[in-house]
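Labels below follow one simple rule: chain letters A, B, ... track the order of the sequence lines, proteins then strands, and each chain is numbered from 1. FYI, side chains are in, hydrogens and waters are out, and symmetry mates aren't considered; it's all heavy atoms of this structure.
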There are 2 protein chains.
Amino acid sequence: MLTIGYLAKKTGTKVQTIRYYEQIGLMPEPGRTDGGQRRYGNAELDRLSFIRHARQLGFSLDAIRELLDLSDHPARSCEEADAIARRQLKQVEQRMARLEVLRLELERMIEECSGGRAADCRVLEVLRDHSECLTDHEGIGT
Amino acid sequence: MLTIGYLAKKTGTKVQTIRYYEQIGLMPEPGRTDGGQRRYGNAELDRLSFIRHARQLGFSLDAIRELLDLSDHPARSCEEADAIARRQLKQVEQRMARLEVLRLELERMIEECSGGRAADCRVLEVLRDHSECLTDHEGIGT
DNA sequence: TTAGCTCCTCTAGTCACTGTAGGTTCAAGG
DNA sequence: CCTTGAACCTACAGTGACTAGAGGAGCTAA
Ligand SMILES: [Zn+2]
Ligand SMILES: [Zn+2]
Ligand SMILES: [Zn+2]
Ligand SMILES: [Zn+2]
């Protein structure tokens with residue numbers, strides 16, 4: 001019988017986060033001691049590891065919910081799991097493309113500024129006037 | 001005299017977002033009509049454009065607050081503005097590096113899965129067992 | 001005048017946690 | 001058996017940067 005603190009340490013999760021996962025139905029309600037403390041088994045440890053690993057790979061909790069469901073039903077087709085992963089990959093690629101645009105623009109404005117008074121700062125100038133930019137970068141950053 | 005809706009359209013901002021910026025002190029409290037509606041001048045339009053452009057380049061509202069402050073004081077040194085921009089660039093680079101790791105891992109697991117039952121799905125297997133991964137990717141995704 | 005658009009305030013929700021306050025339980029050492 | 005202190009409990013508030021909705025008031029033109 002495993003305590004919540006043990007699960008936390010094993011998976012690199014904060015204790016509150018595990019309780020949060022329980023609250024939103026991602027982790028099951030575990031058994032309790034007479035005093036009301038949670039006690040887990042190995043299945044729950046595995047489930048939490050899965051969740052954390054998927055989070056590290058950038059999946060949303062909603063996506064993870066579906067992936068866990070598929071993992072719980074081994075006879076089903078894995079098409080949906082693959083589709084979720086492909087969606088995630090596409091999202092990552094899009095984000096990288098957007099970041100690359102920002103990176104170039106930032107690099108350029110930093111390079112061009114030769115210091116001095118704020119009045120002549122290239123960084124501030126570019127921020128004031130988008131026509132100084134080489135790219136469109138519409139949609140908010142990140 | 002410009003309405004909030006005009007500013008919104010000109011800058012591609014939602015009306016509520018402009019009111020939100022006012023609430024957190026990023027935009028000044030504008031004058032009002034007798035009926036209580038906000039009316040802006042061109043200075044406010046410029047300020048909002050600055051904010052939006054900086055947001056598109058990924059700066060946080062706190063960073064933008066400092067950048068606006070510097071832009072309002074042209075005699076000051078621009079060192080701090082440059083430092084903020086360099087910090088932002090570094091953050092973008094770090095995020096891209098993390099995303100590249102995710103991208104490779106996702107690409108690999110999608111490629112390796114040949115479809116079929118969820119029991120044999122490579123995607124689910126990798127999520128269950130981090131030792132199937134080639135990289136460490138610690139820290140939560142994005 | 002009346003239609004219909006825009007504007008107002010206020011509240012709550014998003015995502016995925018994280019932090020805090022104030023109290024209870026558990027396990028080990030004496 | 002008793003005490004100590006770490007780990008646990010619930011409940012609620014806060015993060016960033018908005019976004020959505022309710023319910024009402026103002027503004028403009030036909
Ligand atoms: Zn500068
Ligand atoms: Zn630009
Ligand atoms: Zn598969
Ligand atoms: Zn891994």
> Roughly how far apart are B:L104 CG and B:M109 CE, rounded to 0.5 Å?
Replying inline: 12.5 Å
>> Checking B:S71 against A:R128: is there a side-chain donor and acceptor pair closer than 3.5 Å?
In response: yes
> Do we see a donor-acceptor contact under 3.5 Å between the side chains of B:R52 and B:Y21?
Replying inline: yes
> Which is true for B:R52 with a 4.0 Å heavy-atom rule: it touches a base, it touches only sugar-phosphate, or it touches nothing?
Replying inline: sugar-phosphate
>> Testing the 3.5 Å rule here: is there a donor-acceptor pair between the side chains of A:R47 and A:Y40?
In response: no
> Is there a side chain to side chain contact (heavy atoms under 4.5 Å, CB included) between A:H137 and A:E105 once you walk through the steps?
Replying inline: CA-CA 9 Å; A:H137 58 74; A:E105 221 60 81; 4.1 Å; yes
>> Rounded to whole Å, how long is the line connecting atom CZ of A:R55 with atom C1' of C:dT18?
In response: 14 Å
> What do the steps show when you test B:S60 against B:D62 for side-chain hydrogen bond (donor to acceptor under 3.5 Å, both in side chains), and what is the final call?
Replying inline: CA-CA 5 Å; B:S60 72; B:D62 266 357; 5.6 Å; no
> Is there a residue in residues 9-27 of chain B whose heavy atoms reach under 4.0 Å of DNA chain C, and which residues are they?
Replying inline: B:R19
>> Heavy-atom nearest nucleotide on DNA chain C for B:R38 versus B:I140: which residue maps closer to 5'?
In response: B:R38
> Does the side chain of A:R65 come within less than 4.5 Å of A:I24's, by heavy atoms?
Replying inline: yes
> What is the distance from CG of B:D62 to P of D:dT15, rounded to the nearest Å?
Replying inline: 11 Å
>> As an exercise, state the distance from NE2 of B:H130 to OG1 of B:T135, rounded to the nearest 0.5 Å.
In response: 7.0 Å
Could I get a table of every N or O pair under 3.5 Å where one atom is in the protein and the other is in nucleotides 27-30 of chain D?
| residue | atom | partner | partner atom | Å |
| --- | --- | --- | --- | --- |
| D:dC27 | OP1 | B:T33 | OG1 | 3.0 |
| D:dC27 | OP1 | B:G35 | N | 3.3 |

> Nearest-Å distance, CG (A:L2) to C1' (D:dA7)?
Replying inline: 15 Å
>> For the helix from C:dT1-D:dA30 to C:dG30-D:dC1, what angle separates the axis at the start from the axis at the finish, each from five pairs, in steps of 10°?
In response: 20°
